[in-house]
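Any value given below was found using the heavy atoms of this structure, including those in side chains, with hydrogens, waters and symmetry copies removed. Counting from 1, the numbers follow the sequence of the chain as shown.
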Amino acid sequence: MRLGLALGYWGRGPDPRHLGLAREAERLGYHSVWTAESWGSDAFTPLTWIAAHTSRIRLGTAVAQMAARSPAATAMHALTLDHLSGGRLLLGLGLSGPQVVEGWYGRPFPDSPLTATREYVDVVRQVLHRRAPVTLDGRHHALPYRGPGASGLGRPLRPITHPLRPDLPVLLGAEGPRNVAQTARIADGWLPLYWSPLRTDLHAAALAAAPEGFLVAPLVRAQVCADVAEGLLPVKAMLGFYIGGMGHARRNFHADLMARMGYEEAARRVRELFLAGRREEAVAAVPDAFADEISLVGPRGRIAERLELWRAGPVTDLLVTAPDAETLRVLAELV
């Protein structure tokens with residue numbers, strides 16, 4: 001099981017600790033460092049900055065949002081950064097949800113998310129393989145475009161730049177069972193958002209068709225600390241925001257996942273409180289047990305013991321969100 005450092009996306013501004021943590025992770029032997037995006041900082045620019053200050057660590061997006069760019073534009077980002085970094089990029093993609101896709105990117109959320117994802121990956125792969133001009137008679141992504149307003153002058157193209165690695169790994173963030181099953185068929189890896197080593201059977205059927213070498217790379221909050229309850233507070237705050245706020249009362253993929261993991265009533269309560277503006281109560285309503293099983297928090301000995309559960313399952317890469325270099329060091333020593 002390899003280690004990755006998950007830096008996420010910026011808050012109010014760039015985090016001055018991120019570059020130092022990335023360089024320390026490389027020094028400690030971490031395999032990868034990952035950035036994200038929501039509706040603020042983008043995923044690729046911070047990775048480019050990190051690439052310029054490191055030499056070996058792999059560079060991943062977890063995740064770059066599909067609605068933010070056409071698939072051809074995303075492939076251009078990927079092949080460019082892969083060249084500049086000497087072949088270190090891992091391209092993680094995610095569909096996001098209706099609130100972000102329609103509210104921020106001004107695009108309709110696809111009525112068939114599985115089809116939209118499959119077409120997106122198809123175009124990215126075609127660009128990176130550069131075997132022929134890119135064409136797709138897609139429902140959501142058609143190249144050349146021949147829909148409303150088209151001039152009729154579009155023609156198939158292939159990238160001017162020869163990609164460094166035609167087989168650049170593509171990973172997908174997926175939550176629903178059918179989405180995870182498709183990910184196992186069309187991608188090189190899966191980026192689970194909430195992973196519990198106690199519930200690996202939840203995804204066993206969906207991952208059954210995964211090929212050899214398929215990556216399972218969940219994000220996990222880790223912190224070496226004496227007080228477990230205190231260490232879980234940032235995990236509960238994150239869960240309260242995602243389960244309560246990153247979705248609509250009628251459609252929230254994060255809350256649905258929490259329900260499938262056995263916490264349906266708690267997920268409902270968190271959403272109700274958050275949507276009512278009672279955010280502190282929403283965070284407090286996140287069960288400690290749920291926050292604990294998807295994270296690695298506590299004294300070194302406790303983390304070492306719990307790591308054995310993560311090793312026993314299909315996880316290939318542990319993408320660690322850690323607030324300090326000491327936690328990174330302890331995990332490197334244990335893993």
Side-chain angles (χ1 to χ4, degrees), residues 1-9 11 15 17-18 20-22 24-34 36 62 191-203 216-244 254 257-258 260-263 265-267 269-270 279-335:
M1 188 171 66
R2 302 178 300 196
L3 287 174
L5 169 64
L7 295 174
Y9 46 77
D15 190 324
R17 302 172 300 170
H18 280 184
L21 287 172
E24 178 65 5
E26 180 174 72
R27 188 188 70 80
L28 290 168
Y30 277 58
H31 175 260
S32 55
V33 56
W34 301 74
L191 296 161
L193 182 58
Y194 310 138
W195 176 272
S196 169
L198 305 176
R199 304 174 193 273
T200 57
D201 58 326
L202 189 67
H203 308 290
V216 177
L219 282 78
V220 55
R221 167 78 180 194
Q223 184 174 0
V224 177
C225 58
D227 189 328
V228 174
E230 183 177 334
L232 289 176
L233 288 177
V235 185
K236 294 180 65 169
M238 176 272 294
L239 288 168
F241 175 67
Y242 273 76
I243 292 161
H254 305 291
L257 176 58
M258 182 178 174
R260 287 196 299 273
M261 295 176 73
Y263 295 92
E265 178 59 29
R269 182 61 176 158
V270 170
R279 297 193 175 191
E280 291 185 7
E281 293 178 64
V283 171
V286 175
D288 284 2
F290 180 53
D292 195 27
E293 68 179 84
I294 66 170
S295 60
L296 288 165
V297 170
R300 178 188 174 112
R302 185 176 192 267
I303 291 177
E305 181 181 337
R306 293 174 64 80
L307 266 173
E308 295 309 310
L309 297 173
W310 294 78
R311 292 180 194 272
V315 172
T316 60
D317 296 78
L318 203 61
L319 310 188
V320 177
T321 300
D324 58 89
E326 173 63 13
T327 295
L328 296 182
R329 182 186 64 78
V330 169
L331 283 171
E333 292 172 355
L334 293 174
V335 172

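A heavy-atom distance below 4.5 Å is found between the side chains of P323 and R221. Looking at heavy atoms from C-beta onward, L307 lies in side-chain contact with L318 at the 4.5 angstrom threshold. The shortest distance between side-chain heavy atoms of P287 and M258 falls below 4.5 Å. With contacts defined as side-chain heavy-atom distances shorter than 4.5 Å, the pair L334/R300 qualifies. Between L191 and L319, some side-chain heavy-atom pair lies under the 4.5 Å cut-off. Residues L257 and Y242 fail the side-chain proximity criterion, which asks for heavy atoms closer than 4.5 Å. Residues E24 and L5 are not in side-chain contact: their nearest non-hydrogen atoms beyond the backbone lie 4.5 Å or more apart. The shortest distance between side-chain heavy atoms of L219 and W34 does not fall below 4.5 Å.
When all heavy atoms are compared, the tightest approach of G298 to I303 is O-CD1, 3.5 Å. Shown here for L21 and A322, the closest heavy-atom pair between the two residues is CD1-O, 4.1 Å. The nearest pair of heavy atoms linking I243 to A267 is CG2-O, 4.1 Å. Scanning both residues, G244 and V270, for their nearest heavy atoms gives N-CG1, 4.2 Å. For the residue pair W310 and P218, the shortest heavy atom distance occurs at CZ3-CG, 4.1 Å. Residues S295 and R306 approach most closely at O-NH2, 3.8 Å, considering heavy atoms.
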Which donor-acceptor pairs under 3.5 Å do the side chains of residues 228-240 make with protein atoms, sequence neighbours left out?
unit_1	atom_1	unit_2	atom_2	d
K236	NZ	V286	O	3.2
K236	NZ	D288	OD1	2.8

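S196 places no side-chain N or O within donor-acceptor distance of the main-chain N or O of I294, the cut-off being under 3.5 Å. Here the side chain of R199 pairs no donor or acceptor atom with the backbone of R260 at under 3.5 angstrom. A donor-acceptor pair under 3.5 Å is formed between the side chain of Y30 and the backbone N or O of L328.
Annotation: side-chain hydrogen bond (donor to acceptor under 3.5 Å, both in side chains) contacts of E281 (sequence neighbours excluded): R278.
Remark: E305 does not engage R302 in a salt bridge, criterion side-chain N to carboxylate O under 4.0 Å. Salt-bridge annotation for E333 and R329: present, with a side-chain N of the basic residue lying under 4.0 Å from a carboxylate O of the acidic one.
Distance CD/E293 to OH/Y194: 13.0 Å, rounded to 0.5 Å.
Residues in residues 279-305 take part in these ring-ring contact (aromatic ring centres under 6.0 Å, His included) pairs, two or more places apart or across chains: Y263-F290.
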